[in-house]
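As C-alpha coordinates, the structure follows; a few thoughts come after it.
Throughout, residue positions are numbered sequentially from 1 according to the sequence presented. Read the numbers this way: they start at 1 and go in the same order the structure lists the ligands and their atoms.
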Amino acid sequence: MTKPIIAFVSQLAEHEQVTWLQLLSAKLPNESIKLDKDLSQAQKLHCEIAIVANPNPEKLSQYSQLKWVQSLWAGVDALVAELTSNKQTPSFALARLVDPLLAKTMSEAVLTWVLYLHRDMPKYLQQQKVARWQQHRYFLPQERTVGILGLGELGKLSAIRLSDNGFNVLGWSQSEKKVKGVQCYSGNNELITMIRQCNIIVCLLPLTATTNQLINCDLIQQLPKGASVINFARGGIIAHDDLVKYLDDGYLEHAVLDVFEQEPLDKNNPLWSHEKITVLPHISAPTHFESAGDIVASKIKKYRINGQLPVCIDWRKGY
Ligand code: NAP
(Lines give C-alpha, C1' and ligand atoms only; values in the text may rest on other atoms or scores of the structure.)
Protein backbone atom coordinates (compact mmCIF):
# COMPACT_ATOMS: atom_id res chain seq x y z
CA MET A 1 0.00 0.00 0.00
CA THR A 2 1.39 3.47 -0.88
CA LYS A 3 1.87 5.87 2.01
CA PRO A 4 -0.43 8.90 2.15
CA ILE A 5 1.45 12.06 1.26
CA ILE A 6 1.91 15.01 3.61
CA ALA A 7 2.52 18.24 1.70
CA PHE A 8 5.11 20.79 2.81
CA VAL A 9 3.92 24.18 1.59
CA SER A 10 6.17 27.15 2.21
CA GLN A 11 7.66 30.29 0.75
CA LEU A 12 10.91 29.84 2.68
CA ALA A 13 14.11 29.66 0.62
CA GLU A 14 14.43 26.24 -1.00
CA HIS A 15 17.42 25.18 1.15
CA GLU A 16 15.38 25.97 4.28
CA GLN A 17 12.46 23.93 2.97
CA VAL A 18 14.82 21.01 2.32
CA THR A 19 16.24 21.29 5.86
CA TRP A 20 12.73 21.07 7.32
CA LEU A 21 11.81 18.24 4.98
CA GLN A 22 14.84 16.19 6.02
CA LEU A 23 14.25 16.86 9.70
CA LEU A 24 10.54 15.98 9.58
CA SER A 25 11.10 12.93 7.36
CA ALA A 26 13.69 11.60 9.83
CA LYS A 27 11.23 12.03 12.70
CA LEU A 28 8.34 10.50 10.73
CA PRO A 29 9.87 7.51 8.90
CA ASN A 30 6.43 6.03 8.18
CA GLU A 31 5.23 9.16 6.37
CA SER A 32 5.93 10.43 2.89
CA ILE A 33 6.47 14.20 3.18
CA LYS A 34 6.95 16.09 -0.07
CA LEU A 35 7.55 19.69 -1.08
CA ASP A 36 4.62 21.36 -2.81
CA LYS A 37 6.68 21.89 -5.96
CA ASP A 38 7.28 18.12 -6.26
CA LEU A 39 3.60 17.15 -6.13
CA SER A 40 1.34 16.64 -9.13
CA GLN A 41 -2.16 18.11 -9.18
CA ALA A 42 -3.59 14.63 -8.67
CA GLN A 43 -1.33 13.96 -5.66
CA LYS A 44 -2.32 17.30 -4.12
CA LEU A 45 -5.96 16.22 -4.21
CA HIS A 46 -5.15 13.26 -1.96
CA CYS A 47 -3.35 15.16 0.80
CA GLU A 48 -5.23 15.49 4.07
CA ILE A 49 -2.36 17.04 6.04
CA ALA A 50 -0.12 19.95 5.07
CA ILE A 51 2.79 21.29 7.10
CA VAL A 52 3.30 24.99 6.41
CA ALA A 53 5.72 27.85 7.06
CA ASN A 54 4.71 31.13 5.37
CA PRO A 55 2.74 29.31 2.67
CA ASN A 56 1.31 31.03 -0.37
CA PRO A 57 -2.47 30.74 0.32
CA GLU A 58 -3.17 30.20 -3.38
CA LYS A 59 -0.92 27.15 -3.34
CA LEU A 60 -2.75 25.88 -0.27
CA SER A 61 -6.10 26.26 -2.03
CA GLN A 62 -5.00 23.61 -4.55
CA TYR A 63 -5.28 21.02 -1.78
CA SER A 64 -9.06 20.68 -1.69
CA GLN A 65 -9.13 17.59 0.57
CA LEU A 66 -7.08 19.02 3.41
CA LYS A 67 -8.33 18.25 6.91
CA TRP A 68 -5.49 19.74 8.88
CA VAL A 69 -2.82 22.36 8.28
CA GLN A 70 0.02 22.43 10.78
CA SER A 71 2.06 25.63 10.99
CA LEU A 72 5.70 25.54 12.07
CA TRP A 73 5.30 29.04 13.53
CA ALA A 74 3.54 30.07 16.75
CA GLY A 75 2.02 33.19 15.14
CA VAL A 76 -0.41 32.48 12.30
CA ASP A 77 -2.00 35.95 11.98
CA ALA A 78 -0.85 36.60 8.39
CA LEU A 79 -2.04 33.19 7.23
CA VAL A 80 -5.40 33.55 9.01
CA ALA A 81 -5.91 37.02 7.49
CA GLU A 82 -5.13 35.75 3.99
CA LEU A 83 -7.24 32.60 4.31
CA THR A 84 -10.29 34.46 5.64
CA SER A 85 -9.98 37.57 3.45
CA ASN A 86 -13.10 36.51 1.49
CA LYS A 87 -15.01 36.33 4.84
CA GLN A 88 -15.26 32.56 4.50
CA THR A 89 -13.83 30.02 6.88
CA PRO A 90 -11.52 27.44 5.29
CA SER A 91 -12.78 23.85 5.36
CA PHE A 92 -9.64 22.60 7.13
CA ALA A 93 -8.42 23.07 10.69
CA LEU A 94 -5.29 25.13 11.38
CA ALA A 95 -2.92 24.26 14.21
CA ARG A 96 -0.09 26.57 15.18
CA LEU A 97 3.15 25.63 16.90
CA VAL A 98 2.73 25.32 20.63
CA ASP A 99 6.15 24.49 22.03
CA PRO A 100 7.08 24.73 25.74
CA LEU A 101 10.68 25.42 24.69
CA LEU A 102 9.51 28.42 22.66
CA ALA A 103 7.60 29.71 25.71
CA LYS A 104 10.78 29.31 27.78
CA THR A 105 12.80 31.19 25.16
CA MET A 106 10.23 33.99 25.06
CA SER A 107 10.13 34.23 28.84
CA GLU A 108 13.93 34.58 28.80
CA ALA A 109 13.63 37.44 26.28
CA VAL A 110 10.92 39.11 28.36
CA LEU A 111 13.03 38.89 31.51
CA THR A 112 16.13 40.14 29.64
CA TRP A 113 14.49 43.24 28.19
CA VAL A 114 12.47 44.03 31.31
CA LEU A 115 15.77 43.97 33.25
CA TYR A 116 17.33 46.15 30.53
CA LEU A 117 14.65 48.77 31.17
CA HIS A 118 14.50 48.19 34.93
CA ARG A 119 18.29 48.81 35.30
CA ASP A 120 18.10 51.94 33.05
CA MET A 121 20.42 50.53 30.38
CA PRO A 122 19.05 52.75 27.58
CA LYS A 123 19.91 55.85 29.66
CA TYR A 124 23.43 54.61 30.50
CA LEU A 125 24.06 53.73 26.83
CA GLN A 126 23.19 57.28 25.84
CA GLN A 127 25.29 58.74 28.66
CA GLN A 128 28.36 56.73 27.63
CA LYS A 129 28.15 58.23 24.13
CA VAL A 130 28.74 61.70 25.64
CA ALA A 131 30.93 60.60 28.58
CA ARG A 132 28.31 61.73 31.12
CA TRP A 133 28.79 60.31 34.66
CA GLN A 134 25.30 60.40 36.14
CA GLN A 135 23.72 57.91 38.51
CA HIS A 136 19.98 57.36 38.43
CA ARG A 137 17.86 56.26 41.37
CA TYR A 138 17.76 52.50 41.86
CA PHE A 139 14.34 50.86 42.17
CA LEU A 140 13.74 47.40 43.60
CA PRO A 141 12.02 44.93 41.23
CA GLN A 142 8.96 44.89 43.49
CA GLU A 143 8.72 48.65 42.98
CA ARG A 144 8.21 48.09 39.23
CA THR A 145 4.86 46.96 37.92
CA VAL A 146 5.02 45.03 34.66
CA GLY A 147 1.83 44.32 32.69
CA ILE A 148 1.73 41.46 30.23
CA LEU A 149 -0.82 41.84 27.44
CA GLY A 150 -1.78 38.27 26.53
CA LEU A 151 -1.62 35.38 29.01
CA GLY A 152 -1.40 32.56 26.47
CA GLU A 153 1.38 30.03 25.94
CA LEU A 154 4.07 32.72 25.86
CA GLY A 155 2.58 35.42 28.09
CA LYS A 156 1.75 33.15 31.01
CA LEU A 157 5.27 31.74 31.43
CA SER A 158 6.78 35.19 30.91
CA ALA A 159 4.56 36.59 33.66
CA ILE A 160 5.57 33.80 36.04
CA ARG A 161 9.26 34.30 35.25
CA LEU A 162 9.02 38.03 35.99
CA SER A 163 7.13 37.35 39.21
CA ASP A 164 9.78 34.79 40.24
CA ASN A 165 12.35 37.57 39.73
CA GLY A 166 10.60 39.85 42.15
CA PHE A 167 8.61 42.14 39.83
CA ASN A 168 5.05 43.13 40.58
CA VAL A 169 3.30 41.43 37.64
CA LEU A 170 -0.13 42.04 36.15
CA GLY A 171 -1.58 40.19 33.15
CA TRP A 172 -4.44 40.72 30.72
CA SER A 173 -6.28 38.22 28.54
CA GLN A 174 -9.61 37.78 26.75
CA SER A 175 -11.01 35.24 29.20
CA GLU A 176 -10.48 35.17 32.98
CA LYS A 177 -7.27 33.54 34.17
CA LYS A 178 -5.60 32.50 37.40
CA VAL A 179 -1.81 32.62 37.32
CA LYS A 180 0.21 32.13 40.52
CA GLY A 181 1.88 35.37 41.61
CA VAL A 182 0.17 37.41 38.87
CA GLN A 183 -2.76 39.78 39.27
CA CYS A 184 -4.98 38.86 36.31
CA TYR A 185 -7.36 41.13 34.37
CA SER A 186 -9.60 40.24 31.45
CA GLY A 187 -11.82 41.76 28.80
CA ASN A 188 -11.93 45.28 27.40
CA ASN A 189 -13.29 46.79 30.62
CA GLU A 190 -10.31 45.73 32.72
CA LEU A 191 -7.59 46.72 30.27
CA ILE A 192 -7.42 50.34 31.38
CA THR A 193 -7.53 49.35 35.06
CA MET A 194 -4.40 47.32 34.48
CA ILE A 195 -2.63 49.73 32.14
CA ARG A 196 -2.92 52.61 34.63
CA GLN A 197 -0.67 50.71 37.06
CA CYS A 198 2.10 49.61 34.67
CA ASN A 199 5.64 50.99 34.53
CA ILE A 200 6.41 48.56 31.72
CA ILE A 201 3.99 46.79 29.36
CA VAL A 202 4.97 43.71 27.37
CA CYS A 203 2.81 42.82 24.38
CA LEU A 204 2.32 39.09 23.74
CA LEU A 205 -1.08 39.22 22.04
CA PRO A 206 -1.88 37.67 18.68
CA LEU A 207 -2.55 40.15 15.88
CA THR A 208 -6.29 39.96 15.14
CA ALA A 209 -9.00 42.36 14.01
CA THR A 210 -9.48 43.23 17.70
CA THR A 211 -5.84 43.76 18.66
CA ASN A 212 -4.83 45.62 15.48
CA GLN A 213 -3.42 49.05 16.56
CA LEU A 214 -4.57 48.37 20.14
CA ILE A 215 -1.55 50.20 21.58
CA ASN A 216 -2.44 53.66 20.30
CA CYS A 217 -2.58 57.14 21.82
CA ASP A 218 -5.79 56.35 23.75
CA LEU A 219 -4.11 53.46 25.51
CA ILE A 220 -0.68 55.07 25.88
CA GLN A 221 -2.25 58.07 27.64
CA GLN A 222 -3.51 55.70 30.34
CA LEU A 223 -0.01 54.50 31.20
CA PRO A 224 1.71 56.36 34.05
CA LYS A 225 4.19 59.00 32.83
CA GLY A 226 7.65 57.49 32.35
CA ALA A 227 6.37 54.03 31.39
CA SER A 228 8.05 51.86 28.74
CA VAL A 229 6.66 49.51 26.10
CA ILE A 230 7.99 46.16 24.87
CA ASN A 231 6.45 44.57 21.77
CA PHE A 232 7.39 40.95 21.10
CA ALA A 233 4.10 40.00 19.39
CA ARG A 234 3.34 41.64 16.02
CA GLY A 235 4.08 45.11 14.66
CA GLY A 236 0.45 45.79 13.70
CA ILE A 237 -0.61 45.84 17.36
CA ILE A 238 1.16 49.19 17.89
CA ALA A 239 0.31 52.49 16.22
CA HIS A 240 3.96 53.48 15.74
CA ASP A 241 3.25 57.16 15.01
CA ASP A 242 1.44 57.45 18.34
CA LEU A 243 4.25 55.63 20.14
CA VAL A 244 6.91 57.93 18.67
CA LYS A 245 4.85 61.02 19.54
CA TYR A 246 4.66 59.98 23.21
CA LEU A 247 8.37 59.08 23.30
CA ASP A 248 9.31 62.41 21.71
CA ASP A 249 7.30 64.52 24.10
CA GLY A 250 8.86 62.71 27.08
CA TYR A 251 5.69 60.97 28.26
CA LEU A 252 7.07 57.50 27.54
CA GLU A 253 10.56 56.49 28.61
CA HIS A 254 11.58 53.84 26.09
CA ALA A 255 10.29 51.18 23.67
CA VAL A 256 11.80 47.83 22.76
CA LEU A 257 10.43 46.65 19.42
CA ASP A 258 11.16 43.20 18.02
CA VAL A 259 8.37 43.04 15.43
CA PHE A 260 7.22 45.35 12.63
CA GLU A 261 4.50 45.43 10.00
CA GLN A 262 7.17 45.26 7.29
CA GLU A 263 10.07 42.91 8.03
CA PRO A 264 12.95 43.40 7.59
CA LEU A 265 12.44 46.96 8.81
CA ASP A 266 13.39 49.34 5.99
CA LYS A 267 16.91 50.79 6.36
CA ASN A 268 15.45 54.30 6.10
CA ASN A 269 12.79 53.79 8.74
CA PRO A 270 13.31 56.47 11.46
CA LEU A 271 12.62 53.90 14.20
CA TRP A 272 16.19 52.60 13.67
CA SER A 273 17.80 55.84 14.81
CA HIS A 274 15.34 56.93 17.51
CA GLU A 275 17.36 57.20 20.71
CA LYS A 276 14.41 56.06 22.84
CA ILE A 277 13.72 52.95 20.76
CA THR A 278 15.63 49.68 20.81
CA VAL A 279 15.08 47.86 17.50
CA LEU A 280 15.50 44.08 17.43
CA PRO A 281 15.29 41.96 14.25
CA HIS A 282 12.47 39.58 15.34
CA ILE A 283 14.68 37.49 17.62
CA SER A 284 12.81 37.21 20.89
CA ALA A 285 11.67 33.60 20.38
CA PRO A 286 12.86 31.83 17.23
CA THR A 287 11.37 28.44 16.37
CA HIS A 288 13.79 25.71 17.49
CA PHE A 289 14.09 23.23 14.60
CA GLU A 290 14.55 20.02 16.61
CA SER A 291 11.95 20.83 19.22
CA ALA A 292 9.36 22.03 16.68
CA GLY A 293 10.05 18.94 14.56
CA ASP A 294 9.45 16.66 17.57
CA ILE A 295 6.18 18.39 18.42
CA VAL A 296 4.82 18.29 14.87
CA ALA A 297 5.90 14.65 14.45
CA SER A 298 4.23 13.65 17.69
CA LYS A 299 0.95 15.32 16.67
CA ILE A 300 0.98 13.52 13.32
CA LYS A 301 1.73 10.16 14.95
CA LYS A 302 -1.18 10.66 17.37
CA TYR A 303 -3.48 11.60 14.49
CA ARG A 304 -2.54 8.44 12.61
CA ILE A 305 -3.36 6.35 15.70
CA ASN A 306 -6.66 7.91 16.80
CA GLY A 307 -7.70 10.19 13.91
CA GLN A 308 -8.06 13.11 16.32
CA LEU A 309 -7.00 16.57 15.25
CA PRO A 310 -4.74 18.53 17.61
CA VAL A 311 -5.89 21.76 19.27
CA CYS A 312 -6.55 24.18 16.41
CA ILE A 313 -7.18 27.90 16.15
CA ASP A 314 -10.67 29.36 16.33
CA TRP A 315 -11.25 30.95 12.90
CA ARG A 316 -13.78 33.40 14.37
CA LYS A 317 -11.40 34.71 17.04
CA GLY A 318 -8.45 34.64 14.62
CA TYR A 319 -6.06 32.88 17.04
P1 NAP B 1 -1.81 32.33 22.53
O2 NAP B 1 -1.44 31.13 23.35
O3 NAP B 1 -2.88 32.19 21.51
O4 NAP B 1 -2.19 33.47 23.59
C5 NAP B 1 -2.76 34.68 23.20
C6 NAP B 1 -3.22 35.43 24.44
O7 NAP B 1 -3.74 36.68 24.03
C8 NAP B 1 -4.33 34.70 25.21
O9 NAP B 1 -4.15 34.86 26.58
C10 NAP B 1 -5.59 35.45 24.74
O11 NAP B 1 -6.65 35.44 25.68
C12 NAP B 1 -5.05 36.84 24.59
N13 NAP B 1 -5.88 37.65 23.71
C14 NAP B 1 -6.12 37.48 22.38
N15 NAP B 1 -6.94 38.43 21.91
C16 NAP B 1 -7.24 39.21 22.98
C17 NAP B 1 -8.05 40.35 23.16
N18 NAP B 1 -8.74 40.90 22.15
N19 NAP B 1 -8.14 40.89 24.38
C20 NAP B 1 -7.48 40.34 25.44
N21 NAP B 1 -6.68 39.26 25.34
C22 NAP B 1 -6.56 38.70 24.12
O23 NAP B 1 -0.53 32.92 21.78
P24 NAP B 1 1.00 32.73 22.19
O25 NAP B 1 1.51 31.40 21.79
O26 NAP B 1 1.19 33.15 23.60
O27 NAP B 1 1.69 33.80 21.18
C28 NAP B 1 1.36 35.18 21.22
C29 NAP B 1 1.94 35.88 19.99
O30 NAP B 1 3.36 35.98 20.12
C31 NAP B 1 1.77 35.11 18.69
O32 NAP B 1 0.49 35.34 18.13
C33 NAP B 1 2.86 35.70 17.82
O34 NAP B 1 2.37 36.80 17.09
C35 NAP B 1 3.89 36.21 18.82
N36 NAP B 1 5.20 35.53 18.70
C37 NAP B 1 6.31 36.29 18.53
C38 NAP B 1 7.55 35.69 18.43
C39 NAP B 1 8.80 36.52 18.27
O40 NAP B 1 9.89 35.96 18.09
N41 NAP B 1 8.73 37.83 18.34
C42 NAP B 1 7.66 34.29 18.53
C43 NAP B 1 6.51 33.55 18.72
C44 NAP B 1 5.27 34.17 18.80
P45 NAP B 1 -7.39 34.05 26.09
O46 NAP B 1 -6.35 33.25 26.82
O47 NAP B 1 -8.49 34.47 26.96
O48 NAP B 1 -7.80 33.43 24.78
Side-chain angles (χ1 to χ4, degrees), residues 53-54 70-81 94-114 147-162 169-179 182-195 198 201-216 219 229-238 255-265 278-289 291-292 295 310-319:
N54 298 357
Q70 172 64 52
S71 172
L72 293 171
W73 306 156
V76 288
D77 46 283
L79 183 58
V80 171
L94 173 63
R96 64 194 190 90
L97 180 71
V98 176
D99 181 350
L101 186 68
L102 190 81
K104 216 170 161 187
T105 307
M106 181 57 92
S107 72
E108 178 187 79
V110 169
L111 178 61
T112 302
W113 297 102
V114 164
I148 309 279
L149 301 173
L151 285 175
E153 302 296 333
L154 307 182
K156 186 177 161 198
L157 195 67
S158 299
I160 292 170
R161 198 148 179 186
L162 289 174
V169 187
L170 317 180
W172 182 66
S173 54
Q174 183 100 272
S175 56
E176 279 182 34
K177 296 266 181 302
K178 277 204 172 85
V179 181
V182 178
Q183 173 81 44
C184 296
Y185 297 84
S186 61
N188 292 342
N189 296 341
E190 296 190 0
L191 174 62
I192 301 300
T193 313
M194 183 185 98
I195 286 289
C198 298
I201 54 166
V202 181
C203 180
L204 282 170
L205 291 163
L207 175 61
T208 64
T210 326
T211 63
N212 188 30
Q213 307 277 294
L214 178 78
I215 303 177
N216 57 22
L219 194 86
V229 174
I230 298 178
N231 187 12
F232 285 163
R234 285 293 180 265
I237 301 173
I238 293 197
V256 177
L257 306 177
D258 183 46
V259 284
F260 304 89
E261 276 175 292
Q262 287 295 321
E263 294 182 4
L265 186 64
T278 300
V279 171
L280 302 171
H282 203 139
I283 44 78
S284 48
T287 294
H288 185 277
F289 274 73
S291 177
I295 283 166
V311 175
C312 289
I313 66 129
D314 178 336
W315 290 111
R316 279 173 308 118
K317 291 205 283 186
Y319 70 95

Mind checking whether [X] and [Y] have side chains closer than 4.5 Å, heavy atoms only?
{"X": "T105", "Y": "D99", "result": "no"}
{"X": "L149", "Y": "T211", "result": "no"}
{"X": "L102", "Y": "L154", "result": "yes"}
{"X": "D77", "Y": "P206", "result": "no"}

Got a list of side-chain donor-acceptor pairs under 3.5 Å for residues 258-265, not counting sequence neighbours?
| from | atom 1 | to | atom 2 | distance (Å) |
| --- | --- | --- | --- | --- |
| D258 | OD1 | H282 | N | 2.8 |
| D258 | OD1 | I283 | N | 2.6 |
| D258 | OD2 | I283 | N | 3.2 |
| D258 | OD2 | S284 | N | 3.0 |
| D258 | OD2 | S284 | OG | 2.6 |
| E263 | OE1 | H282 | ND1 | 2.7 |
| E263 | OE2 | F260 | N | 2.8 |
| E263 | OE2 | H282 | ND1 | 3.3 |

What I want to know is whether [X] and ligand 1 share at least one N or O pair that is separated by under 3.5 angstrom.
{"X": "W172", "value": "no"}
{"X": "L102", "value": "no"}
{"X": "I283", "value": "no"}
{"X": "K177", "value": "yes"}

- Message: N54: which residues meet the side chain to side chain donor-acceptor pair (under 3.5 Å) condition with it, sequence neighbours left out?
- Response: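 Side chain to side chain donor-acceptor pair (under 3.5 Å) list for N54, sorted by chain: W73.
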- Of the side chain and backbone of R234, name the one, both, or neither that has a heavy atom under 4.0 Å from an atom of ligand 1.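 The answer is the side chain.
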- Query: Counting only heavy atoms, which portion of V259 has something under 4.0 Å from ligand 1: side chain, backbone, both, or neither?
  - Reply: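 The side chain, only.
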Just to be sure I'm reading this right: ignoring hydrogens, which of [options] gets closest to [atom]? Compare them by their nearest heavy atoms.
{"atom": "atom 42 (C) of ligand 1", "options": "G187, G75, P206, A285", "answer": "A285"}
{"atom": "atom 48 (O) of ligand 1", "options": "F232, Y319, Y185", "answer": "Y319"}
{"atom": "atom 27 (O) of ligand 1", "options": "L154, L205, T208, T210", "answer": "L154"}
{"atom": "atom 35 (C) of ligand 1", "options": "A209, G235, A233, G171", "answer": "A233"}

Which residue and non-hydrogen atom of the protein lie closest to [atom], and at what distance in Å?
{"atom": "atom 25 (O) of ligand 1", "value": "R96 NH1, 2.9 Å"}
{"atom": "atom 28 (C) of ligand 1", "value": "L204 O, 3.4 Å"}
{"atom": "atom 8 (C) of ligand 1", "value": "G152 N, 3.7 Å"}
{"atom": "atom 17 (C) of ligand 1", "value": "Q174 OE1, 3.6 Å"}

- Task: Report yes or no: does a heavy atom of K156 sit under 4.0 Å from some atom of ligand 1?
- Result: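 Contact absent.
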- Query: What are the atoms of ligand 1, with element, lying closer than 4.0 Å to any heavy atom of G150?
  - Reply: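 Those of ligand 1 that fall under 4.0 Å from G150 are 6 (C), 7 (O), 9 (O).
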- Atom CG in L151, atom OH in Y185: separation rounded to 0.5 Å?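 Reported value, rounded in 0.5 Å steps: 12.0 Å.
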